[in-house]
Amino acid sequence: MAKVILDSWREGLEKVSLTKLQVSMLGKSLTESKSNVDCLLDGKKIIIEIDSLDLAKKFLNNAEKIGVNCELILDSSFS
């Protein structure tokens, strides 16, 4: 399992796009996705566990494009 940590956000963050990205790519509910965005805006780190390494990488790349500072943490099963 991989973890994507949403650390912080940059000016111009596309909040709605980040919510939609979580719903469409990760299958998160709209409520959970919006809550994650609100927490990120409040300065909290968000940890999202993703089963697929490929999906985690794609999500991270898309999140970075819309203004999120994030990092990928790999579970030992991927090494």
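For clarity, every value in this text was computed on a predicted model and none was experimentally measured.
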(request) Could you state whether Leu41 and Leu21 fall into the same hydrophobic cluster, counting links through intermediate Ile, Leu, Val, Met, Phe, Trp or Tyr residues with side-chain heavy atoms under 4.5 angstrom apart? (result) yes

(message) How long is the straight-line distance from CG of Asp7 back to SG of Cys70, given to the nearest 0.5 Å?
(response) 7.5 Å

(message) Are Ile46 and Leu74 linked, directly or through intermediate hydrophobic residues, by side-chain heavy-atom contacts shorter than 4.5 Å (ILVMFWY only)?
(response) yes

(request) Would you mind reporting whether Leu18 and Leu40 have side-chain heavy atoms less than 4.5 Å apart? (result) yes

(request) Give the intermediate values and the outcome of side-chain contact (heavy atoms from CB on, under 4.5 Å) for residues Met25 and Ile50. (result) CA-CA 10 Å; Met25 286 190 79; Ile50 303 172; over 6 Å; no

(message) Is it true that, when you exclude Lys15 itself, more than 12 heavy atoms of the residues, nucleotides or ligands shown sit nearer than 6.0 Å to its NZ?
(response) no

(message) Using 0.5 Å steps for rounding, measure from the CD1 atom of Ile73 to the NZ atom of Lys3.
(response) 8.5 Å

(request) Hey, could you give me the NZ/OG distance between Lys65 and Ser17, rounded to the nearest 0.5 Å? (result) 12.5 Å

(request) Give, for atom CD of Glu71 and atom NZ of Lys45, the distance between the pair rounded to the nearest 0.5 Å. (result) 6.5 Å

(request) Could you grab the distance from atom CG of Asn62 to atom NZ of Lys57, nearest 0.5 Å is fine? (result) 14.5 Å

(message) Starting from Leu60, can I reach Val23 by hopping between I/L/V/M/F/W/Y residues whose side chains sit under 4.5 Å apart?
(response) no

(request) Check for a donor-acceptor pair, side chain of Gln22 on one end and backbone N or O of Ser33 on the other, with a separation under 3.5 Å. (result) yes

(request) Check the pair Phe59, Leu6 against side-chain contact (heavy atoms from CB on, under 4.5 Å), reporting the backbone distance first and the verdict last. (result) CA-CA 11 Å; Phe59 177 79; Leu6 310 181; 4.1 Å; yes

(message) Return the CD1 to CG distance between Ile47 and Asn36, rounded to the nearest 0.5 Å.
(response) 11.0 Å

(message) Could you check whether Asp38 pairs with Lys34 (Lys NZ or Arg NE/NH1/NH2 to Asp/Glu carboxylate O, under 4.0 Å)?
(response) yes

(message) I'd like to check Leu26 versus Leu55 (side-chain heavy atoms, cut-off strictly below 4.5 Å). Are they in contact?
(response) yes

(request) Determine the minimum heavy-atom distance between Ala56 and Leu72, stating which atoms define it. (result) CB-CD1, 3.7 Å

